[in-house]
Amino acid sequence: MDLLSRFGSTISNKSKDVARKAKELAEISNLNSQISTQEEIIDKLCLEIGKVVYDKRETFPDDELTEKYTAVTNAYAEVARLNSAIITAKGAKQCPGCGIEVALENTFCPSCGTAVPTPEAAPYVENIVIPPDSVIYYPGEDSDTP
């Protein structure tokens, strides 16, 4: 009977250890979740602070941030250029006042009322003659020439 008693005691102790470990792991998981939530709040607030600082860069210049200000300004300009290219690719034009997409047949922006000029068409070139000794390079093709 002594053997069964010790065996039962060992099982009981092991099950208590497993329950303690499970509780510990649940508590750690809960705390890690809370940490992640706080880090998301911090990231969001830092992003908002950064945008405010960027918007006030003229008022409070900072030599340490000048390069980053320029990079952000360039990125905003590139986004505007790409958005304009999308509008052009759709066969529309962009309002110079508010930047929205305007149908080619519209003379005025339906949103802000600004006059929207019709974009000039690219000039048509007829009868292009390529001399027989010309080399034409097509990017992406394998060739010995650069």
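Sequence positions, counted from 1, serve as the residue numbers for this chain.
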Can a donor-acceptor pair be found, under 3.5 Å and without considering hydrogens, that links the side chain of T88 to the backbone of S84? yes
Nearest heavy-atom pair of [X] and [Y]: which atoms, and what distance?
{"X": "S111", "Y": "I100", "answer": "CB-CD1, 3.5 Å"}
{"X": "A92", "Y": "E101", "answer": "CB-CG, 3.6 Å"}
{"X": "K93", "Y": "P117", "answer": "CD-O, 3.5 Å"}

Under 6.0 Å from the CD atom of E24, do we count more than 12 heavy atoms belonging to anything else shown?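 Atom CD in E24 is crowded, with more than 12 foreign heavy atoms closer than 6.0 Å.
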Among N106, I87, V116, find the residue that satisfies the side chain to side chain contact (heavy atoms under 4.5 Å, CB included) test when tested with C95.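 Among the candidates, only V116 passes.
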Determine whether the side chains of N74 and E78 contain a donor N or O and an acceptor N or O closer than 3.5 Å.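 Their side chains do not contain a donor-acceptor pair, so the 3.5 Å distance test is not met.
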Check: [Y] and [X] side chains under 4.5 Å, non-hydrogen atoms:
{"X": "P61", "Y": "T66", "answer": "no"}
{"X": "C98", "Y": "T114", "answer": "no"}
{"X": "L65", "Y": "Y54", "answer": "no"}
{"X": "R57", "Y": "T73", "answer": "yes"}

Between atom [atom1] of [X] and atom [atom2] of [Y], what is the distance when rounded to the nearest 0.5 Å?
{"X": "R20", "Y": "L25", "atom1": "CZ", "atom2": "CG", "answer": "10.5 Å"}
{"X": "E40", "Y": "L45", "atom1": "CD", "atom2": "CG", "answer": "12.0 Å"}
{"X": "I42", "Y": "T37", "atom1": "CD1", "atom2": "OG1", "answer": "11.0 Å"}
{"X": "S12", "Y": "K14", "atom1": "OG", "atom2": "NZ", "answer": "12.0 Å"}
{"X": "D63", "Y": "Y69", "atom1": "CG", "atom2": "OH", "answer": "10.0 Å"}

Any salt bridge linking K51 with E48? Criterion: basic side-chain nitrogen under 4.0 Å from a carboxylate oxygen.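 Between E48 and K51 there is no salt bridge, as every charged N stays at least 4.0 Å from the carboxylate O atoms.
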Are I49 and Y76 connected, step by step, through hydrophobic side chains (Ile, Leu, Val, Met, Phe, Trp, Tyr) whose heavy atoms are closer than 4.5 Å?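 Shared cluster, yes.
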With the 4.5 Å side-chain cut-off for hydrophobic clustering, are F108 and L104 part of the same group? no
